[in-house]
Amino acid sequence: MARRLRPVELDFVETAPLRLVFAAEAAAPADALYRALAVETETWPEWFAAVTHSRATDGGREVRLRGGTRFEETVMAAEPSARYAYRVDVTNAPGPHALLEEWRLTPTAEGTRVQWTFAAAGGAPFRFALRMGRPGLGRAFRDAVTALDRRLAAPGGGPRAADS
């Protein structure tokens with residue numbers, strides 16, 4: 001059953017009762033990573049193993065994960081080559097009261113530092129489950145960044161010619 005979550009603003013990424021922050025290095029430039037995150041949303045299942053479906057909607061995205069979890073999201077920040085953030089408005093996942101995810105891209109000498117913040121509010125069992133799931137979320141994030149970096153490095157893996 002779908003449940004509407006509490007709407008939060010961008011500052012929730014800093015004030016959420018539970019914040020999980022992960023970082024990884026990518027060789028790809030920030031503009032290519034941003035394009036994959038924010039523009040080519042339908043490609044997420046190709047590089048983020050937990051995602052089975054992702055499509056843009058008017059002002060947001062619709063996402064499905066392995067296991068059947070669904071999200072309806074609103075894009076909160078779309079700053080090319082720097083930041084992409086979205087709030088979950090509706091989900092069938094039990095437990096969360098509010099969710100916001102932020103991807104920050106910082107150019108480095110070798111490529112880009114990718115930081116993902118998962119900001120959440122929910123009851124004690126939900127928070128406990130997220131804390132216990134932290135290692136798995138971190139691994140999923142690092143694997144996704146690695147897969148996306150490989151995809152972007154592969155011939156034809158950059159921005160689509162028709163979209164350029």
Side-chain angles (χ1 to χ4, degrees), residues 4-51 53-65 69-91 93 96-122 127 130 133-134 136-153 157-160 163-164:
R4 184 157 294 281
L5 302 186
R6 176 172 49 102
V8 292
E9 298 301 321
L10 278 173
D11 66 337
F12 188 70
V13 79
E14 298 297 332
T15 64
L18 181 61
R19 294 175 63 247
L20 304 177
V21 182
F22 307 97
E25 299 295 325
D31 61 334
L33 291 163
Y34 178 84
R35 184 173 186 82
L37 287 168
V39 178
E40 297 177 351
T41 59
E42 73 283 357
T43 67
W44 279 52
E46 297 172 21
W47 53 269
F48 206 130
V51 177
H53 171 83
S54 179
R55 74 173 184 88
T57 61
D58 188 27
R61 299 185 321 160
E62 177 185 284
V63 176
R64 285 187 225 135
L65 304 180
T69 302
R70 294 185 315 273
F71 301 110
E72 292 176 22
E73 304 168 340
T74 296
V75 174
M76 303 296 291
E79 301 168 20
S81 303
R83 177 166 74 155
Y84 183 59
Y86 43 88
R87 172 185 70 210
V88 175
D89 296 316
V90 177
T91 185
H97 299 159
L99 294 173
L100 187 122
E101 297 180 43
E102 177 190 65
W103 295 75
R104 285 217 177 247
L105 306 172
T106 306
T108 65
E110 297 79 31
T112 306
R113 180 178 190 269
V114 181
Q115 179 179 295
W116 177 49
T117 302
F118 187 90
R127 291 190 318 269
L130 272 181
R134 180 185 181 92
L137 281 171
R139 189 170 35 259
F141 163 75
R142 287 186 301 278
D143 289 351
V145 171
T146 298
L148 178 55
D149 205 27
R150 284 188 188 129
R151 180 178 181 275
L152 293 172
R160 295 181 180 165
D163 294 338
S164 298

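The first residue in the sequence is number 1, and the count goes up from there. Everything numeric here is computed off the predicted structure, so don't read it as measured data.
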When you measure from the centre of the six-membered ring of Phe22, is the NZ or CZ of Arg139 closer than 6.0 Å and no more than 45° off the axis?
no

For the pair Trp116 and Phe118, name the ring-plane relationship: parallel under 30°, tilted 30 to 60°, perpendicular over 60°.
perpendicular

Do other residues, nucleotides or ligands put more than 12 heavy atoms under 6.0 Å from Arg150 CZ?
no

List, one per line, each side-chain donor-acceptor pair under 3.5 Å for residues 80-88, sequence neighbours excluded.
unit_1: Arg83; atom_1: NE; unit_2: Glu79; atom_2: OE2; d: 3.1
unit_1: Arg83; atom_1: NH1; unit_2: Glu102; atom_2: OE2; d: 3.1
unit_1: Arg83; atom_1: NH2; unit_2: Glu79; atom_2: OE2; d: 2.8
unit_1: Tyr86; atom_1: OH; unit_2: Glu101; atom_2: OE1; d: 2.9
unit_1: Tyr86; atom_1: OH; unit_2: Trp103; atom_2: NE1; d: 3.0
unit_1: Arg87; atom_1: NE; unit_2: Asp89; atom_2: OD1; d: 2.7
unit_1: Arg87; atom_1: NH1; unit_2: Val8; atom_2: O; d: 3.1
unit_1: Arg87; atom_1: NH2; unit_2: Asp89; atom_2: OD1; d: 3.3

Distance-minimising heavy-atom pair for Ala119 and Val13:
CB-CA, 3.9 Å

Inter-residue atom distance Leu137.CG - Arg142.CZ, 0.5 Å rounding:
10.0 Å

For the CG atom of Leu65 and the CH2 atom of Trp44, what is their distance to the nearest 0.5 Å?
10.0 Å

Between atom CD of Gln115 and atom CZ of Arg104, what is the distance when rounded to the nearest 0.5 Å?
7.5 Å

Taking all non-hydrogen atoms of both residues, which atom of Val114 and which atom of Ala26 are closest, and how far apart?
CG2-CB, 4.3 Å

Quick one: OG on Ser54 to CD on Glu40, what's the gap to the nearest 0.5 Å?
11.5 Å

Ignoring hydrogens, what is the shortest heavy-atom contact between Arg61 and Thr41? Give both atom names and the distance.
CD-CG2, 3.7 Å

Salt-bridge present (Arg19, Glu14; N to O < 4.0 Å)
yes

Find out whether Glu72 and Thr57 are in side-chain contact, i.e. whether some heavy atom of one side chain is under 4.5 Å from a heavy atom of the other.
no

I need the minimum non-hydrogen distance between Leu148 and Ala36, along with the two atoms involved.
CD1-CB, 3.6 Å

Could you report the tightest heavy-atom contact between Ala28 and Thr112, atom names first, then the distance?
O-OG1, 2.7 Å

From CD (Glu25) to CD (Glu110), nearest 0.5 Å:
7.0 Å

Atom of Ala27, atom of Asp149 and distance for their closest heavy-atom approach
N-OD2, 2.8 Å

Taking salt bridge (Lys or Arg N to Asp or Glu O under 4.0 Å) as the test, write out the residues that go with Glu9, two or more places apart.
none

Nearest-0.5 Å distance that lies between atom OH in Tyr34 and atom CG in Leu105:
9.0 Å

